[in-house]
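These values consider heavy atoms only, across backbone and side chains, with no hydrogens, waters or symmetry-generated copies. One-based numbering, in listed order, for ligands and for the atoms of each. Note that the coordinates shown come from a computational prediction; the quantities given were computed from them, not determined experimentally.
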Amino acid sequence: MSIITVETTPIEGQKPGTSGLRKKTHVFMGPHYLENFVEAIWAAIGGAEGKTFVLGGDGRYFNDRAAQVILRMAAASGARKVIVGQNALLSTPAASNLIRQRKTDGGIILSASHNPGGPDEDFGVKFNTPNGGPAPEDVTNRIFEATRRLTAYRILETQDADLSRVGFSKLGAMEVEVVDPVDAYRVLMERLFDFPAIRALFAGGFRVHFDAMHAVTGPYAKAILERALGAPPGSVVNARPLPDFGGGHPDPNPVWAGELMERMMGEGAPDFGAASDGDGDRNMIVGRGIYVTPSDSLAVLAANAHLAPGYAGGLKGVARSMPTSRAVDRVAEALGIPCYETPTGWKFFGNLLDAGRATLCGEESAGTGSDHVREKDGLWAVLLWLNILAVRKQSVAEVMAEHWRAHGRNYYTRHDYEAVDAAVAQGLMDDLAARLPGLAGTEVEGLRIAAADDFAYADPVDGSRTEHQGIRIELEGGGRIVYRLSGTGTVGATLRVYLEAVETDPARLALDPAAALAGVIRAADALAGIAARTGRAGPDVTT
Ligand code: VG1
Ligand code: CO
């Protein structure tokens, strides 16, 4: 067993995006690609010497090989210990929990989250800091800087570590602890939620249907929903993590979780449906005959969290990403707590959670979470919903109807234009940005623009400033259009257009969302010339 030093040269484009570095799998498998990035992580945090890390991933193709490489590099660079999920599996929230609970120096998560997996699809690596959260911008900038001046990395020449059995072993001088990926996470959930109440709900015949989409949440959902809470076997489907996620997109939205949607809207639908994404940090909530938008879900969770034991003391504040609908803002106002608006990406919530300013956070992309970890957490959201339903003894549809009556309804949809030519997408954004100063007070498709800006965020905790986080068009009457380019795609550019209309008239709370939003959608296209510029008749994905 010897440490070898491999000479390398910088590889272009290793810049982490919204959530870590994501590339085509074959790119990651190319010579030195993974190794360079990992070495840059060590460089950005002052070396790996003497440190303890958490390591695991969502089980996608190359997850197992990448884990072995990272273990050998950690050992060669003098790390003291790596805590690895069995078979190199860990959901993102479970990894966040372990990083915090075991007081480690951070962790590496192997995932491209909702992006498909396989040799021709996507792979990703994210680094989380000792607070358990995604590396903030200053750290990701340091990682990127380091990738640009690498000359060598160190790696141990040895056999693979056995990750198939829980227990301790050595890799060179470094300790490897293989842990059950679910155990510590389940204990945390038991502390936050009223398990006996949820168990009683299930025992009373309430039926739950959870689609793990062949991704990492399967083992977690089986262990918690079926074994700990007594949901009948088969309540969790597609529960075995597969390297290609069964050929699907592990993205919990009405398009990619179409099967679940059909079941929940059909005859004899279960009471509650849910799905999660590749790495288990997102969730989709569906009641019998009713889809809950992630923005609404955040608002409902904020309004009802006190019904779960872990949040019985109330919330210190809430935070949402800028494109997320403003439904939660009105809940915060009613509760008399602060509401923060941050750029897209969980890394921007970390400071607010650490400083105790926010308890609950959420994004329109189906991410919700709280200060129990520093990541969004899919199964957590499902359990909080179940806890709320167990206490309120109402259906999802009844909870939603009451919520809208009390707070009004934000009709909401997101249109994604995928794999658009990068220059065309950038041109659209740049031209829009140039017109911003003159937009307020003008009309588009009969809607009056109240304000328009290029969103910038000043972090209230550390004062850091992040610019160009999306173009915000505020309409009179509370509606909004937001345009931004995705930071997680791997082909061309993805233009995301977020559309919102507010309704407080009690007679107009149950409209078809597409009809309620038709005017805003027309205005969004007219304002930016989407169809004309992209040549697309409509979005590729509507959520
Ligand atoms: C997307 C979502 C964003 C989310 C990010 C990572 O980013 O819009 O809300 O935080 O994915 O989620 P973008 O830049 O493509 O819009 V995950 O579950 O991929 O870690
Ligand atoms: Co994810």
Side-chain angles (χ1 to χ4, degrees), residues 15-22 56-60 90-96 109-117 121-128 133-137 140 212-213 215-217 220 241 245 249-253 256 275-284 293-295 298 319-325 341-350 361-369 373-381 414-420 425 429 455 466 468-470 482-498 540-541 543:
K15 189 174 172 52
T18 312
S19 177
L21 182 67
R22 287 186 200 181
D58 63 13
R60 69 179 60 224
L90 277 178
S91 76
T92 287
S96 180
I109 302 172
L110 308 170
S111 173
S113 189
H114 59 288
N115 299 27
E121 299 294 353
D122 296 347
F123 193 77
V125 175
K126 14 182 206 180
F127 178 70
N128 283 30
E137 299 263 283
T140 52
M213 302 183 87
V216 79
T217 329
Y220 294 84
F245 306 121
H249 282 232
D251 195 349
N253 63 44
W256 295 116
S276 61
D277 72 335
D279 60 334
D281 55 2
R282 298 194 192 186
N283 69 91
M284 173 166 117
T293 70
S295 296
L298 174 65
R320 63 163 172 83
S321 68
M322 183 274 280
T324 304
S325 98
E341 183 176 41
T342 60
T344 294
W346 211 260
K347 58 188 165 193
F348 295 102
F349 293 133
C361 307
E363 296 191 277
E364 53 64 44
S365 54
T368 22
V373 289
R374 291 295 179 273
E375 286 278 6
K376 50 193 185 279
D377 188 344
L379 204 46
W380 167 90
R414 186 180 92 189
H415 287 183
D416 289 343
Y417 298 81
E418 294 179 340
V420 175
M429 293 296 287
F455 181 58
T466 313
H468 307 302
Q469 294 301 305
V482 171
Y483 305 86
R484 68 175 274 285
L485 298 183
S486 156
T488 58
T490 56
V491 184
T494 295
L495 170 68
R496 301 201 198 282
V497 185
Y498 309 80
D540 298 283
V541 179
T543 57

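Under the 4.5 Å side-chain criterion, counting only non-hydrogen atoms from C-beta, Val420 is not in contact with Glu418.
One N or O on the side chain of Tyr220 and one on the backbone of Ser91 form a donor-acceptor pair closer than 3.5 Å. Judged by distance alone, with hydrogens and angles left aside, the side-chain atoms of Ser295 form a donor-acceptor pair with the main-chain N or O of Ser325 at under 3.5 Å. Judged purely by atom type and a 3.5 angstrom limit, Arg484 has no side-chain atom pairing as donor or acceptor with the backbone of His468. Under the 3.5 Å distance criterion, the side-chain polar atoms of Arg282 are matched with a main-chain donor or acceptor of Ser365. Between the Asp377 side chain and the Ala381 main chain, no donor and acceptor come within less than 3.5 Å of each other. Proximity of a side-chain donor or acceptor of Thr217 to a complementary backbone N or O of Ala212 within less than 3.5 Å is not detected. Judged by distance alone, the side chain of Arg60 and the main-chain N or O of Pro116 form a donor-acceptor pair under 3.5 Å.
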Between Asp279 and Lys126, does a side-chain contact (heavy atoms from CB on, under 4.5 Å) hold up when you go through it step by step? CA-CA 11 Å; Asp279 60 334; Lys126 14 182 206 180; 3.0 Å; yes
Walk me through whether Trp256 and Met213 qualify under side-chain contact (heavy atoms from CB on, under 4.5 Å). CA-CA 9 Å; Trp256 295 116; Met213 302 183 87; 4.3 Å; yes
Begin with the C-alpha distance, continue with both residues' side-chain angles, and end with the deciding distance and a verdict on side-chain contact (heavy atoms from CB on, under 4.5 Å) for Leu485 and Leu495. CA-CA 5 Å; Leu485 298 183; Leu495 170 68; 3.9 Å; yes
What's the verdict on side-chain contact (heavy atoms from CB on, under 4.5 Å) for Thr368 and Glu363, showing C-alpha distance, side-chain angles and the deciding distance? CA-CA 6 Å; Thr368 22; Glu363 296 191 277; over 6 Å; no
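In this structure, of Lys376, Lys126, Glu375, the residue bringing a heavy atom nearest to atom 12 (O) of ligand 1 is Lys376.
Nearest non-hydrogen protein atom to atom 10 (O) of ligand 1 is Glu363 OE1, 2.7 Å. Arg282 NH2, 3.7 Å is the protein heavy atom nearest to atom 1 (C) of ligand 1. With hydrogens left out, the protein atom closest to atom 7 (O) of ligand 1 is Thr488 CG2, 3.5 Å, a heavy atom. Ranking protein heavy atoms by distance to atom 2 (C) of ligand 1, first place goes to Ser365 OG, 3.5 Å. Of all protein heavy atoms, the one closest to atom 17 (V) of ligand 1 is Ser113 OG, 2.7 Å.
Residue contacts with ligand 1, taken as heavy atom pairs separated by less than 4.0 Å, do not involve Asn115 at all.
Here is the list of ligand 1 atoms found below 4.0 Å of a heavy atom in Arg496: 8 (O), 13 (P), 15 (O), 16 (O). Applying the 4.0 Å criterion to heavy atoms of Arg22 picks out, from ligand 1, the atoms 17 (V), 19 (O), 20 (O). Contact atoms of ligand 1 toward Thr344: 3 (C), 8 (O), 9 (O) (distance under 4.0 Å to a heavy atom of the residue). Those atoms of ligand 1 with a heavy atom of Gly487 less than 4.0 angstrom away are 13 (P), 14 (O), 15 (O). Every atom of ligand 1 with a heavy atom of His114 under 4.0 Å away is listed here by number and element: 11 (O), 19 (O). Applying the 4.0 Å criterion to heavy atoms of Arg484 picks out, from ligand 1, the atoms 13 (P), 14 (O), 16 (O). Numbered from 1 in the order shown, with element, the atoms of ligand 1 that lie under 4.0 Å from a heavy atom of Gly345 read 10 (O). Proximity to Ser19 (heavy-atom distance under 4.0 Å) selects the following atoms of ligand 1: 6 (C), 20 (O).
Excluding waters, the set of protein N/O/S atoms under 2.8 Å from the Co ion (ligand 2) reads Ser113 OG, Asp277 OD2, Asp279 OD1, Asp281 OD1.
Residues Asp416 and Arg496 are paired through a salt bridge, judged by an N-O separation under 4.0 Å between the basic side chain and the carboxylate.
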